Novice: 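Let me give you the structure first, and then I'll get to my questions.
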Amino acid sequence: MTEPRHFLQLKDLSREELDYVFARTRWIKDKFKRYEQYWPLQDRTLVMIFEKQSTRTRLSFEAGMHQMGGSAIYLNTRDSQLGRGEPVEDAAQVISRMCDVVMIRTFEQTIIERFAANSRVPVINGLTNEYHPCQVLADIYTWIEHRGDISGRTVAWIGDSNNMCHTWMQAAEIFDFKLNISTPPGYEVEPDKVGVAGSHHECFADPMDAARGADLVTTDVWTSMGWEAENEARCAAFADWQVDADMMKVAKADSLFMHCLPAHRGEEVSADVIDGPHSVVWDEAENRLHAQKALMEFLLLGRVSGS
């Protein structure tokens, strides 16, 4: 049996493979927009395992699998034996014998790595504490759709050094762009935990310096899932890290703004930015659907020719 390809971190695919996935994303999205049926995954089954809450991840994967001709099954740890202490390794052995691809949204990266190590089918990271590769896959595609190649550009990450920040750090290495990072004191990035060489990112104490001259400014909520007990302290610490109109003014005039959503207007981003002319957050959200369809096609079928 051929060893399955997994997508647990963005760097699990090469630059050339990611470029192929983006080309397929464009083609698949175009078919979708023209209401043309495309069912390459007919009779294939996706199992979605959720330990964390979700709106966009569940909707985009479930709808995407149906649109590709397959079916999707939703599981959460409260309603399955995983919630009663079944070993991850055992669950992987059983689940992967009953489906064609698995998407997992959980806490520690080690959980999804253990599952993948015992899976007979591809495993996709739908979000962990450490990484969110499907979101950044959609984000990079959204940039390409609006501005073309991201290589050589400057991206500013403003806010928490969370799973999104970590994945953007990997993206900078893969796609050869500069990443400016600004986080409040005490929330700095730890590059050794991200698995990147560090040659493509720079950290700034002042978020305005990070945003200055940027082609893309992006952020996320100040309090990620699992850190709700710190919300009050985080809101105080991050008060000067809001992406507002003044910050966008120091970025390039044609810069874009992205946010993985859900967003809190008045906290990490002002309403006039997320709802303003720089914002592409709705395209970004929709592109989760199309990028993940292309990803599943690639992991299950490899390179598709003649389409």
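As the structure is a computational prediction, the values presented were derived from the model and not from experiment.
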Novice: Only one of H264, E268, E284 forms a side chain to side chain donor-acceptor pair (under 3.5 Å) with H259, so which one is it?
Specialist: E268
Novice: For S279 and V273, run side-chain contact (heavy atoms from CB on, under 4.5 Å): C-alpha distance rounded to whole Å, both residues' side-chain angles, the deciding distance at 0.1 Å, then the answer.
Specialist: CA-CA 7 Å; S279 178; V273 169; 5.8 Å; no
Novice: Apply side-chain contact (heavy atoms from CB on, under 4.5 Å) to residues L59 and T55 and explain how you reach the verdict.
Specialist: CA-CA 6 Å; L59 179 59; T55 300; 5.5 Å; no
Novice: Enter the distance from F257:CZ to S270:OG here, rounded to the nearest 0.5 Å.
Specialist: 8.0 Å
Novice: Heavy-atom distance under 4.5 Å between the side chains of L8 and F115, does that happen here?
Specialist: no
Novice: Are Y38 and I28 close enough that some pair of their side-chain heavy atoms sits under 4.5 Å apart?
Specialist: yes
Novice: So, taking the atom named OG in S255 and the one named CG in L216, what distance separates them when rounded to the nearest 0.5 Å?
Specialist: 8.0 Å
Novice: Does any N or O in the side chain of T219 come within less than 3.5 Å of the main-chain N or O of I158, such that one atom is a donor and the other an acceptor?
Specialist: yes
Novice: Is there a path of hydrophobic side-chain contacts, each under 4.5 Å between heavy atoms of I/L/V/M/F/W/Y residues, joining L301 to L18?
Specialist: yes
Novice: Just by modelled atom types, is the G186 backbone N or O under 3.5 Å from a matching donor or acceptor in the E188 side chain?
Specialist: yes
Novice: Check for a donor-acceptor pair, side chain of S96 on one end and backbone N or O of V121 on the other, with a separation under 3.5 Å.
Specialist: no
Novice: Between D176 and R15, is the closest basic N to carboxylate O distance under 4.0 Å?
Specialist: no
Novice: P184 and A237: which non-hydrogen atoms are nearest, and at how many Å?
Specialist: CB-O, 3.6 Å
Novice: Do the non-hydrogen side-chain atoms of P122 and V102 ever get within less than 4.5 Å of each other?
Specialist: no
Novice: Do the side chain of D100 and the main chain of T45 share a donor and acceptor less than 3.5 angstrom apart?
Specialist: yes
Novice: Does E3 come within less than 4.0 Å of R120, counting only side-chain N to carboxylate O?
Specialist: no
Novice: Could you pull out the closest heavy-atom pair between A210 and N180, with the gap in Å?
Specialist: O-ND2, 3.0 Å
Novice: Can you hop from I174 to F7 via hydrophobic side chains spaced under 4.5 Å?
Specialist: yes
Novice: Is the shortest side-chain N to carboxylate O distance from R105 to E51 below 4.0 Å?
Specialist: no
Novice: Is it true that R24 and E17 make a salt bridge, defined as a side-chain N closer than 4.0 Å to a carboxylate O?
Specialist: no
Novice: So do D149 and I144 actually touch side chain to side chain, heavy atoms under 4.5 Å?
Specialist: no
Novice: Do you know the tightest heavy-atom contact between A172 and L179?
Specialist: CB-CB, 4.0 Å
Novice: Just jot down the side-chain contact (heavy atoms from CB on, under 4.5 Å) partners of H146, sequence neighbours excluded, or say none.
Specialist: T142, L256, V280, D283
Novice: If you measure only the distance, is there a donor-acceptor pair under 3.5 Å linking the side chains of T57 and R288?
Specialist: yes
Novice: Does the side chain of L41 come within less than 4.5 Å of M296's, by heavy atoms?
Specialist: yes
Novice: Apart from L289 itself, what residues make up its hydrophobic cluster, given side-chain heavy atom links below 4.5 Å?
Specialist: F32
Novice: One pair to check against side-chain contact (heavy atoms from CB on, under 4.5 Å): E297 and V304. What are the steps and the verdict?
Specialist: CA-CA 8 Å; E297 180 192 64; V304 176; 3.6 Å; yes
Novice: Taking everything shown except E36 itself, do over 12 heavy atoms lie less than 6.0 Å from its CD?
Specialist: yes
Novice: So, the side chain of S60 versus the backbone of R56: is there a donor-acceptor pair under 3.5 Å, distance only?
Specialist: yes
Novice: Under 3.5 Å, is there a donor-acceptor pair between the Q242 and E267 side chains?
Specialist: no
Novice: Check for a donor-acceptor pair, side chain of S119 on one end and backbone N or O of A92 on the other, with a separation under 3.5 Å.
Specialist: no
Novice: So L75 and F50, do their side chains get closer than 4.5 Å, heavy atoms only?
Specialist: no
Novice: Is a side-chain donor or acceptor of H132 paired with a backbone partner of M164 at a separation under 3.5 angstrom?
Specialist: no
Novice: Donor-acceptor check, side chain of R147 to backbone of D254, threshold 3.5 angstrom: yes or no?
Specialist: yes
Novice: For N129 and N163, does a side-chain donor sit closer than 3.5 Å to a side-chain acceptor?
Specialist: no
Novice: Would you confirm whether T218, through its side chain, and M258, through its main-chain N or O, come within 3.5 Å as a donor-acceptor pair?
Specialist: yes
Novice: What is the minimum heavy-atom distance between S71 and M65, and which atoms define it?
Specialist: O-CG, 3.4 Å
Novice: What I want to find out is whether R5 reaches D12 closely enough, with some N-O distance under 4.0 Å, to be called a salt bridge.
Specialist: no
Novice: Quiz question: by atom type and distance under 3.5 Å, do the side chains of W241 and S182 form a donor-acceptor pair?
Specialist: yes
Novice: Please name the pair of heavy atoms, one in F175 and one in S151, separated by the smallest distance, quoted to 0.1 Å.
Specialist: O-OG, 2.8 Å
Novice: Is K33 salt-bridged to D30, cutoff N-O under 4.0 Å?
Specialist: no
Novice: Any salt bridge between E145 and R26, counting N to O under 4.0 Å?
Specialist: no
Novice: Using the benzene-type ring in the case of Trp, are the ring centres of Y187 and F238 under 6.0 Å apart?
Specialist: yes
Novice: Decide yes or no for I140 and F22: does some side-chain heavy atom of the first lie under 4.5 Å from some side-chain heavy atom of the second?
Specialist: yes
Novice: Is there a donor in the side chain of E286 and an acceptor in the side chain of H290, or the other way round, less than 3.5 Å apart?
Specialist: yes
Novice: Look at the side chain of E130 and the backbone N and O of Q109, then say whether any donor-acceptor pair between them is shorter than 3.5 Å.
Specialist: yes
Novice: Does the distance from a Lys or Arg side-chain N to an Asp or Glu carboxylate O, for R114 and E89, drop under 4.0 Å?
Specialist: yes
Novice: Is there side-chain contact between L295 and L13, with at least one heavy-atom pair below 4.5 Å?
Specialist: yes
Novice: Between M103 and L46, is a side-chain contact (heavy atoms from CB on, under 4.5 Å) present by the stated rule, with each step listed?
Specialist: CA-CA 7 Å; M103 186 281 298; L46 163 70; 4.1 Å; yes
Novice: Can you name the closest pair of heavy atoms from A263 and V269 and give their distance?
Specialist: CB-CG1, 4.4 Å
